[in-house]
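Worksheet: one structure, shown below.
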Protein chains: 2
Amino acid sequence: MSGQGPKQAVTRKSGVALWRQIADQIRQAVSAGTLGADGRLPPEMVLSERFGVNRHTLRSAIAALVQEGVLRAEQGRGTFVESRQKLSYPISARTRFSTGLRSQTRDRRSILLAHAVEQASQRVAEGLGLAEGAPVVRLETLSEADERPVSRATSWFDAERFPGYAEAYAETGSITLGFQSYGIEDYFRKSTLVSARHADAADLADLKLSAGAIVLVAVAVNVDTQGLPIQYAETRFVADRVELSVSTEAQ
Amino acid sequence: MSGQGPKQAVTRKSGVALWRQIADQIRQAVSAGTLGADGRLPPEMVLSERFGVNRHTLRSAIAALVQEGVLRAEQGRGTFVESRQKLSYPISARTRFSTGLRSQTRDRRSILLAHAVEQASQRVAEGLGLAEGAPVVRLETLSEADERPVSRATSWFDAERFPGYAEAYAETGSITLGFQSYGIEDYFRKSTLVSARHADAADLADLKLSAGAIVLVAVAVNVDTQGLPIQYAETRFVADRVELSVSTEAQ
DNA sequence: TTCGATTGTATAGAACAATAGACAAATACG
DNA sequence: CGTATTTGTCTATTGTTCTATACAATCGAA
């Protein structure tokens with residue numbers, strides 16, 4: 001609501017500092033194009049009056065967004081929009097990370113942060129259709145687009161069926177290609193549970209976010225052509241940079 | 001991660017008060033069942049040590065959750081889990097609000113907050129396949145489950161095809177039944193865009209949330225059996241109480 | 001009843017957030 | 001060049017959050 005004059009609402013003594021509430025609102029408005037549509041933000045004095053706070057408080061908000069890479073401030077000139085676009089990540093039966101984003105971004109890559117073989121927790125076992133405590137391969141991966149972290153995923157695979165999957169992934173740099181080295185040419189997304197929460201400390205560090213940031217959490221099960229679960233994954237997307245697109249047309 | 005001993009992470013001088021960060025973590029852990037699985041929370045002293053904060057800070061977090069109705073504190077006895085469940089809202093081609101939640105909650109209802117006829121914005125026109133500025137009916141609705149607000153939706157309908165849809169909805173109290181009075185016996189969810197953001201001032205009031213709360217935003221297009229768009233809707237779900245379940249099995 | 005465990009209340013000081021006013025530094029433009 | 005506009009830095013003051021310590025009130029069980 002409102003692109004120009006009306007005062008924006010901020011709540012005092014709510015446990016969230018004013019500068020953070022304002023930063024969240026500006027980030028959202030910039031992303032939606034209702035602020036800085038011409039690439040330039042109104043002067044600090046104008047914005048501070050619009051939010052009904054002191055100029056210094058507003059400057060704290062801008063400083064946070066500059067830190068995040070959303071804005072860029074230039075002394076004597078003004079404050080400018082550095083990056084606006086939201087990536088749209090499709091969720092369908094043929095969901096694959098790389099293909100979905102290929103057209104929207106220039107540079108994109110996945111990084112394997114860590115991997116281990118462990119015993120399946122109840123949750124993971126249920127997702128993969130294994131017994132609780134069965135050996136599973138766990139992968140911790142980070143995905144970036146245009147040099148900026150976009151998502152952080154934890155995936156589990158049946159260690160009996162995919163021993164050394166981590167190596168296959170490290171070599172190929174792709175989940176899809178990793179499966180191919182086990183003879184799986186095709187697979188499907190069976191289900192996805194989507195929720196949202198504040199990023200926890202680990203997410204903040206890996207995704208280079210500041211506290212209070214939001215992550216979209218997608219818990220997914222991929223199955224092979226027989227319908228057998230082959231991957232259970234929990235992906236945390238940076239909510240400010242990503243939206244999930246669910247297509248439910250006849251398939 | 002961790003149900004017992006390990007220290008939980010809180011970030012200082014992040015713009016989000018410690019008590020609020022802790023409240024968010026406890027709410028999440030309770031919802032996931034990793035805390036208070038037996039219906040009872042560990043004593044304040046134990047929790048305050050686990051989070052590395054003063055007992056009073058932890059008490060502020062608990063007070064907020066008591067206020068929200070998540071916890072219940074009894075002097076001399078302890079602190080208990082009042083409500084745990086997260087509602088799972090299915091998204092598929094046959095998504096309907098009421099049917100999806102019927103099995104999970106006792107009492108559920110939708111309230112028509114406001115309605116108006118207006119000119120379609122570019123976004124709405126595109127969603128409904130109309131010309132920008134064409135007349136559309138806008139509905140503002142609130143959905144509750146077990147006496148607690150769950151979602152807040154804004155829907156648009158073609159005013160030429162569905163004149164007075166607001167009245168039809170008010171009488172029947174249901175989107176599906178409202179369509180039936182226009183001879184539409186069946187319809188489908190075509191697409192859904194899911195994102196997340198902090199609740200804005202209006203959401204906070206309608207959904208009875210406290211500042212800093214998160215909403216899951218689903219932007220959806222429903223189509224009739226011919227594939228013509230009949231409803232464009234933006235729904236804000238309370239992220240703490242809802243998760244979206246996307247099924248992508250062969251349909 | 002007595003005791004231990006637990007939540008509730010009070011008070012004071014330290015750390016942080018927000019306001020206020022003044023001025024410096026860089027830029028754009030006549 | 002000189003001026004207006006804009007962001008950057010500094011200092012001081014006030015209010016909110018967090019810490020620290022102490023003690024009261026309630027409950028359950030020995």
Side-chain angles (χ1 to χ4, degrees), chain A residues 7-26 30 35-36 38-82 210-212, chain B residues 7-26 30 35-36 38-67 70-82 210-212:
Chain A
K7 228 172 181 180
Q8 299 293 99
V10 284
T11 318
R12 281 157 202 265
K13 33 185 169 176
S14 65
V16 183
L18 294 182
W19 65 263
R20 172 148 293 283
Q21 294 182 51
I22 292 168
D24 290 336
Q25 289 195 33
I26 293 179
V30 164
L35 197 64
D38 56 348
R40 178 185 188 150
L41 243 61
E44 295 173 347
M45 278 307 295
V46 174
L47 284 176
S48 61
E49 277 171 30
R50 191 178 298 176
F51 284 104
V53 299
N54 190 274
R55 179 176 157 236
H56 291 299
T57 308
L58 185 114
R59 277 178 59 75
S60 300
I62 288 182
L65 294 173
V66 168
Q67 186 67 25
E68 281 182 37
V70 174
L71 300 178
R72 168 176 41 89
E74 293 181 28
Q75 186 167 355
R77 296 192 64 221
T79 307
F80 304 87
V81 175
E82 184 75 13
S210 48
Chain B
K7 227 173 182 179
Q8 299 295 98
V10 284
T11 318
R12 280 157 202 268
K13 42 185 164 175
S14 65
V16 183
L18 294 181
W19 65 263
R20 174 152 288 285
Q21 295 183 49
I22 292 169
D24 289 336
Q25 289 196 33
I26 293 180
V30 164
L35 198 63
D38 55 348
R40 178 184 188 149
L41 243 62
E44 295 173 348
M45 278 306 295
V46 174
L47 284 176
S48 63
E49 276 172 30
R50 192 178 297 177
F51 285 103
V53 299
N54 189 274
R55 179 174 155 239
H56 290 301
T57 307
L58 186 114
R59 277 176 60 75
S60 300
I62 288 182
L65 294 173
V66 168
Q67 185 67 25
V70 175
L71 300 179
R72 168 176 41 89
E74 293 181 27
Q75 186 166 355
R77 297 193 63 222
T79 307
F80 304 88
V81 175
E82 184 75 12
S210 48

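In what follows, every chain begins at residue 1, and chains take the letters A, B, ... in the order their sequences are listed.
Checking the phosphate oxygens (OP1, OP2) of dT19(D), a side-chain nitrogen or oxygen of Thr57(B) falls inside 4.0 Å. OP1 or OP2 of dT7(C) lies within a sub-4.0 Å distance of a side-chain N or O belonging to Thr79(B).
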Restricting both atoms to N or O, compile the protein contacts to nucleotides 28-30 of chain D shorter than 3.5 Å, with distance only.
unit_1  : atom_1 : unit_2   : atom_2 : d
dG28(D) : OP1    : Arg77(B) : NE     : 3.3

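Whole-Å rounding puts the His56(A) NE2 to dT9(D) C1' distance at 9 Å. Here dA4(D) presents its P atom at 17 Å from CE of Met45(A), a figure rounded to the nearest Å. Across the protein-nucleic acid pair, Leu18(A) atom CG and dA20(C) atom P stand 12 Å apart, rounded to whole Å. Taking atom CG of residue Asn54(A) and atom P of nucleotide dT13(D), one finds them 16 Å apart after rounding to whole Å. Glu44(B) has its CD atom 16 Å from the P atom of dT26(D), to the nearest Å. The interatomic distance linking Arg59(A) (CZ) with dA20(C) (C1') rounds to 15 Å, in whole Å. To the nearest angstrom, P of dT7(C) lies 13 Å from CZ of Arg72(B). As a whole-Å value, the separation of Gln75(A) CD from dA28(C) P is 12 Å.
Comparing dT7(D), dA17(C), dT19(D) by their closest approach to the side chain of Trp19(A) singles out dA17(C). Ranking dG8(C), dG8(D), dA18(C) by closeness to the Arg55(A) side chain, first place goes to dG8(D). For Ala17(B), whose side chain is taken as the heavy atoms from C-beta onward, the closest listed nucleotide among dG8(C), dT9(D), dC18(D) is dC18(D).
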Hey, can you pull the donor-acceptor pairs under 3.5 Å for the side chains in residues 57-65 of chain A, sequence neighbours left out?
unit_1   : atom_1 : unit_2   : atom_2 : d
Arg59(A) : NH1    : Glu44(A) : OE2    : 2.8
Ser60(A) : OG     : His56(A) : O      : 3.2

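By the side-chain contact (heavy atoms from CB on, under 4.5 Å) test, Glu74(A) is found to be paired with Arg72(A), Arg77(A), Phe80(A), residues two or more places apart in sequence or in another chain being considered.
For the pair Val81(B) and Gly36(B), the tightest heavy-atom approach, listed with the atom from each and the gap, is CG2-O, 3.7 Å. When all heavy atoms of Arg55(A) and Ser48(A) are compared, the closest pair comes out as CA-CB, 3.8 Å.
Counting heavy atoms from C-beta outward, Leu18(B) and Phe51(B) have side chains that stay 4.5 Å or more apart. Using a 4.5 Å heavy-atom cutoff, the side chains of Val53(B) and Ile22(B) are in contact.
Listed for the Gln21(B) side chain is a donor-acceptor partner under 3.5 Å among the backbone atoms of Val16(B).
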